[in-house]
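A short worksheet on the structure shown next.
Atoms within a ligand are numbered from 1 in the order they appear, just like the ligands themselves. Numbers for residues simply follow the sequence, beginning at 1. No experiment lies behind these values; they were computed from the predicted model shown. Values reported hereafter were calculated over all heavy atoms of this structure, with side chains retained and with hydrogens, waters and symmetry mates removed.
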Amino acid sequence: MRYLTAGESHGPQLTTIIEGLPAGMPLLAEDIDKELARRQKGHGRGRRMQIEKDTVHITSGVRHGLTLASPVALVVQNDDWKHWTKIMGAEPTDDEEVKRVITRPRPGHADLNGALKYGHRDMRNVLERSSARETTVRVAAGAVAKKLLSLLGIKVASHVVEIGGIKSEVHAYDSIESLAEITENSPVRCLDPVAEKKMMQAIDDAKANGDSIGGIVEVVVEGMPPGVGSYVHYDRKLDSKLAAAIVSINAFKGVEFGIGFEAARKPGSEVHDEIEWSEGEGFHRSTNRLGGLEGGMSTGMPIVIRGVMKPIPTLYKPLQSVDIDSKESFTASIERSDSCAVPAAAVVAENVIAWELATAITNQFYADRLDTLIKSIEDQRAYAREF
Ligand code: EPS
């Protein structure tokens, strides 16, 4: 499976074209809209989210609710476009007023590096595309993957484990369904109601100070059959694919699996998961410190991945920068921004992980048809149980 996205933050629309889905897979716009709505929520979001009501149009690849195996094109309109038709229009203009040229790079953004790379003297040409608005259609593509995974008995959920230095102290949950339900009702997608309140206060404080804060999100996956991925070559290792997916999310700077960096501080006997076998269940691990991944492959245990998001670099509190035309120093100022997008980023993380898992599965198993793919996955699970 593969997909590309297109679209500028304040352009008319965002688009993705997905290829490689099995034929005969049920897919409705509402499957995607559900994820798009989840991504828009979260304490700390700015005014833009009040303008947008993200919903998808499926413009190809699906007929009467089933995939055809032809490319699936998904379109999400930008409601804000009506305010930007001149500034972001495709037609040429000599009117400098209309262009709203940006010559002042914001520290921490793609502005300056993107301008140097492509020779843009108007950094709007960079920031319109580097904006996290693009995660809308990455979530749309991920929602399609998530739907496929659900049909294969694989569930994906997430929670926010830290915001602005405040840590969730609740890590246990009854089931992945209850994790999803509790976090869905939390304005910061946190399992810990005490930490939740403190996180919301920290976001409010950051906003009042003109600042922004980051955090850590955790994605959990249940139901992956063992042996997906590869130990044979670097570019087929499942953990490397998942790590790349997390770090590809705007503002994400690091990734951990299972106990993660804690592994550097512990002896091997306290890191590796002992192997057990029982009738019916087959092989499993007594613990899951490695987060469901060993040797570049899934173990069949839950996959646990954490990603760290830096504070959003668009700050009301100005930071020092230099104008690319005048070369004069200035302090960057902005019109609007999110003060914290960690809860929304948890949804993005879920969906990019779903995409990578669905891709790994469709690469490894015969996936032209949904029915044969379902059977292949069931066979792999049964094989592992009886191995
Ligand atoms: C973003 C800046 C803000 C955010 C945006 C990401 O948008 P604007 O420039 O229109 O105020 O709201 O996020 C989204 C639009 C979104 O859908 O998540 C940025 O610079 O990355």
Side-chain angles (χ1 to χ4, degrees), residues 5-16 32-56 74-88 100-102 104-115 120 122-143 189 203 206-207 210-215 217 248-253 309-319 321 332-352:
T5 74
E8 274 71 43
S9 179
H10 304 100
Q13 66 181 45
L14 299 153
T15 311
T16 182
I32 300 162
D33 288 347
K34 191 171 63 185
E35 295 297 322
L36 295 181
R38 295 179 67 226
R39 193 201 70 94
Q40 286 204 270
K41 292 200 303 188
H43 194 71
R45 293 289 253 159
R47 287 199 309 278
R48 176 76 187 271
M49 285 306 97
Q50 290 154 24
I51 298 171
E52 305 297 342
K53 289 280 167 293
D54 294 335
T55 53
V56 78
L74 305 176
V75 171
V76 178
Q77 309 285 344
N78 282 324
D79 289 339
D80 209 11
W81 161 245
K82 55 182 173 289
H83 305 121
W84 294 78
T85 47
K86 290 216 177 90
I87 305 161
M88 290 302 295
R100 293 258 294 266
V101 170
I102 294 178
R104 300 177 147 200
R106 299 161 302 168
H109 276 272
D111 304 352
L112 182 56
N113 304 322
H120 290 308
D122 176 0
M123 286 179 295
R124 180 169 300 288
N125 294 338
V126 178
L127 68 89
E128 283 289 338
R129 179 62 184 164
S130 65
S131 164
R133 178 74 186 142
E134 190 259 356
T135 62
T136 310
V137 271
R138 295 196 69 199
V139 166
R189 297 195 171 277
I203 294 169
K207 192 173 177 186
D211 225 323
S212 59
I213 47 177
V217 305
S248 77
I249 305 170
N250 306 49
F252 273 66
K253 291 287 149 195
M309 186 184 195
K310 69 176 178 178
I312 287 173
T314 311
L315 304 178
Y316 291 92
K317 186 180 250 171
L319 288 183
S321 182
S333 66
I334 55 143
E335 287 158 26
R336 68 179 181 202
S337 172
D338 301 333
S339 46
C340 177
V342 175
V347 178
V348 179
E350 257 180 58
N351 281 282
V352 298

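Ranking the protein heavy atoms by distance from atom 12 (O) of ligand 1 puts Arg48 CB, 3.3 Å first. Closest to atom 11 (O) of ligand 1, if we only count protein heavy atoms, is Arg336 NE, 2.5 Å. Ranking protein heavy atoms by distance to atom 21 (O) of ligand 1, first place goes to Ala132 N, 2.8 Å. Among all protein heavy atoms, the one lying closest to atom 1 (C) of ligand 1 is Ser131 OG, 3.6 Å.
A 4.5 Å side-chain heavy-atom check between Val352 and Arg138 finds at least one atom pair inside the cut-off. Using a 4.5 Å heavy-atom threshold, the side chains of Leu36 and Val139 count as touching. With a 4.5 Å cut-off on side-chain heavy atoms, Met49 and Arg39 count as touching.
Close approach of ligand 1 to Arg39 is summarised as follows: ligand atoms under 4.0 Å from at least one heavy atom of the residue are 16 (C), 17 (O), 18 (O). Ligand 1 places these atoms under 4.0 Å from at least one heavy atom of His10: 8 (P), 9 (O), 10 (O). Every atom of ligand 1 with a heavy atom of Arg45 under 4.0 Å away is listed here by number and element: 16 (C), 18 (O).
A donor-acceptor pair under 3.5 Å is formed between the side chain of Ser337 and the backbone N or O of Thr314. Judged by distance alone, with hydrogens and angles left aside, the side-chain atoms of Asn78 form a donor-acceptor pair with the main-chain N or O of Glu8 at under 3.5 Å.
Checking Arg129 against Thr5 by side-chain atom types alone, a donor-acceptor pair falls below 3.5 Å.
Polar contact check, Met49 against ligand 1: no nitrogen or oxygen pair lies under 3.5 Å apart. Considering backbone and side-chain atoms together, Arg133 places an N or O closer than 3.5 Å to an N or O of ligand 1. Close N/O approach between Ser130 and ligand 1 is not found [any backbone or side-chain N/O within under 3.5 Å].
Closest to atom 4 (C) of ligand 1 by heavy atom, among Asp338, Val137, Ile51, is Asp338.
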*Give the C-alpha distance, both sets of side-chain angles, the deciding distance and a yes or no for side-chain hydrogen bond (donor to acceptor under 3.5 Å, both in side chains) between Ser321 and Arg106.*
CA-CA 7 Å; Ser321 182; Arg106 299 161 302 168; over 6 Å; no

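Ligand 1 has no atom lying under 4.0 Å from any heavy atom of Thr135.
With salt bridges taken as basic N to acidic carboxylate O contacts below 4.0 Å, one links Asp54 and Arg133.
Within a 4.0 Å radius of atom 6 (C) of ligand 1, the protein has at least one heavy atom.
Of all non-hydrogen atoms in Glu52 and Asp79, the two that sit nearest each other are OE1-N, 2.7 Å.
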